[in-house]
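None of the values given here were measured: they were computed from a predicted structure. Every heavy atom of this structure was used, including side-chain atoms; hydrogens, water molecules and symmetry mates were not.
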Number of protein chains: 2
Amino acid sequence: MPHKRRAKTHIKMQMSRQDIEQSLRDKGLQPTLQRVGICQFVLCMADHPTAEDVHAWAEQNLGKISLATIYNTLGSLVDVGLLRELKFSHSEKSIYDNNLDEHHHFFDVKTGLIHDIPVQNLELSMNLGKPFKVEGYEILLKGTVKP
Amino acid sequence: MPHKRRAKTHIKMQMSRQDIEQSLRDKGLQPTLQRVGICQFVLCMADHPTAEDVHAWAEQNLGKISLATIYNTLGSLVDVGLLRELKFSHSEKSIYDNNLDEHHHFFDVKTGLIHDIPVQNLELSMNLGKPFKVEGYEILLKGTVKP
DNA sequence: GCCAACATTAGAATGATTCTAAACTTAGAA
DNA sequence: TTCTAAGTTTAGAATCATTCTAATGTTGGC
Ligand SMILES: [Mn+2]
Ligand SMILES: [Mn+2]
Ligand SMILES: [Zn+2]
Ligand SMILES: [Zn+2]
């Protein structure tokens, strides 16, 4: 049964430039200007952005930057585990998730926005045949969110 | 709570050529040779095939056929509700589902196969904040299936 | 048989993402 | 410092599933 109390929701990590540079070094990535800039957005400000979103922000805030760099950087961040890559049926674009806690998602069909749902807020019970060995599951809720 | 008894699983509809032709007419689609052939596979034999799978079967069993026809036909079948189109995160390709009952899916990480899970076999309870109005959900289980 | 509507087709176009190969930049070592 | 190798960025080409285009073929009712 789900908890009665509302679970504390993921709070966006507030990181200084130095924190970001250190995180990158810790993961074996050089803290280049482009990477640090992209991280500021993708780790601290953005909410499930697409590569296109990241590129738009970067062009606006860091000056001209190649789309290849956006993809390279997002790919590296995913590889070292600072970011997750998700794909949903309603779009062909990947979205990047800075919430590293295990969680599910809610798709707002009106706005197209994705909201995080903490695992504690959902409970799944299953009754499958013996042959099925479940190792994990993803739940995508769909609906609308009140203003 | 999930039922104790195992739900009867979706049985693949066995349709004669005539049945298929009638279904197509009923939906306002001309029962062309290509369409009927594709339906034989995609409605009666296949299990979550990709467009590529359908094309391979069709080339093999119907003779030369354009990929565009495969996509056109699958699209029409989806439009009239004889088929569903699904996309999963683990692949960029759409898969087509002839199970029209509401159901969830199990992804076998070893074989890459998708299995249907009747809705009665899963029960989801949720405890979300007031602003969320849930209109539906998709559950994707992942794991392996015993031989 | 004739025609308009509908289908099929080859190949071009699209769009997200990845690759290529050249030009930069960086971190150390000397 | 200077040098160099490794790592990074970049423009543009390539990839791949899917959609579009526009020409050709087929059908069903008259
Ligand atoms: Mn990736
Ligand atoms: Mn489609
Ligand atoms: Zn998330
Ligand atoms: Zn299915």
Side-chain angles (χ1 to χ4, degrees), chain A residues 17 20-39 41-42 48-56 58-59 61-80 82-96 112, chain B residues 20-39 41-42 48-59 61-80 82-96 112:
Chain A
R17 260 195 115 68
I20 291 174
E21 289 175 11
Q22 196 49 55
S23 291
L24 290 172
R25 267 192 222 94
D26 289 348
K27 296 296 190 172
L29 297 175
Q30 290 185 190
T32 64
L33 220 75
Q34 290 91 331
R35 280 181 185 159
V36 176
I38 290 171
C39 284
F41 181 63
V42 88
H48 304 100
T50 63
E52 195 189 4
D53 294 334
V54 178
H55 190 227
E59 287 269 89
N61 295 272
L62 310 174
K64 198 172 147 343
I65 187 170
S66 166
L67 229 203
T69 300
I70 303 296
Y71 278 106
N72 287 344
T73 299
L74 293 172
S76 300
L77 294 174
V78 170
D79 286 346
V80 302
L82 288 173
L83 200 58
R84 293 208 174 121
E85 182 178 5
L86 305 174
K87 270 184 235 171
F88 293 108
S89 296
H90 63 267
S91 168
E92 331 64 50
K93 303 179 184 181
S94 284
I95 67 120
Y96 295 87
Chain B
I20 291 175
E21 289 174 12
Q22 196 50 54
S23 290
L24 290 171
R25 269 193 222 91
D26 289 348
K27 297 295 191 174
L29 297 175
Q30 290 186 191
T32 65
L33 222 78
Q34 290 91 332
R35 279 180 185 160
V36 176
I38 290 171
C39 283
F41 180 63
V42 87
H48 304 100
T50 63
E52 195 189 5
D53 294 333
V54 178
H55 189 228
W57 182 91
E59 288 268 89
N61 296 274
L62 310 175
K64 199 174 147 343
I65 186 169
S66 165
L67 228 202
T69 300
I70 303 296
Y71 278 106
N72 287 343
T73 299
L74 293 173
S76 300
L77 294 174
V78 169
D79 287 346
V80 302
L82 288 172
L83 199 60
R84 293 209 174 121
E85 181 178 4
L86 305 175
K87 269 183 237 173
F88 293 107
S89 296
H90 62 267
S91 167
E92 332 64 49
K93 302 179 185 181
S94 284
I95 67 119
Y96 294 88

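Applying the side chain to side chain contact (heavy atoms under 4.5 Å, CB included) criterion to A/Gln34, with sequence neighbours excluded, gives A/Thr32, A/Ile65, A/Thr69. Partners of B/Arg84 by side-chain hydrogen bond (donor to acceptor under 3.5 Å, both in side chains), not counting sequence neighbours: none found. Under the side-chain hydrogen bond (donor to acceptor under 3.5 Å, both in side chains) criterion, A/Ser23 pairs with no residue at all, not counting sequence neighbours. For A/Glu52, the salt bridge (Lys or Arg N to Asp or Glu O under 4.0 Å) partners at least two apart in sequence or on another chain are A/Lys93. A search for side-chain hydrogen bond (donor to acceptor under 3.5 Å, both in side chains) contacts involving A/Thr50 returns A/Asp53, not counting sequence neighbours. Residues passing the ring-ring contact (aromatic ring centres under 6.0 Å, His included) test with B/His48, sequence neighbours excluded: B/His105.
Residue A/Tyr71 places at least one side-chain N or O closer than 4.0 Å to OP1 or OP2 of C/dT17. Phosphate proximity of D/dA17 to B/Thr50: absent, as no side-chain N or O sits under 4.0 Å from OP1 or OP2.
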A correct 5'-to-3' footprint of nucleotides 5-10 of chain D, with B, S and - meaning base, sugar-phosphate only and no protein heavy atom under 4.0 Å, is --SSBB

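Per the geometry, CG belonging to A/Leu74 stands 10 Å off P belonging to C/dT17, to the nearest Å. Atom-to-atom, CZ of B/Phe88 to P of D/dA17 comes out at 18 Å; the value is rounded to the nearest Å.
Comparing the start and finish of the helix from C/dG1-D/dC30 to C/dA30-D/dT1, five pairs each, the helix axis swings through 10°, to the nearest 10 degrees.
Across the interface with DNA chain D, nearest-nucleotide mapping of B/Arg25 and B/Ile95 shows B/Ile95 to be the residue nearer the 5′ end.
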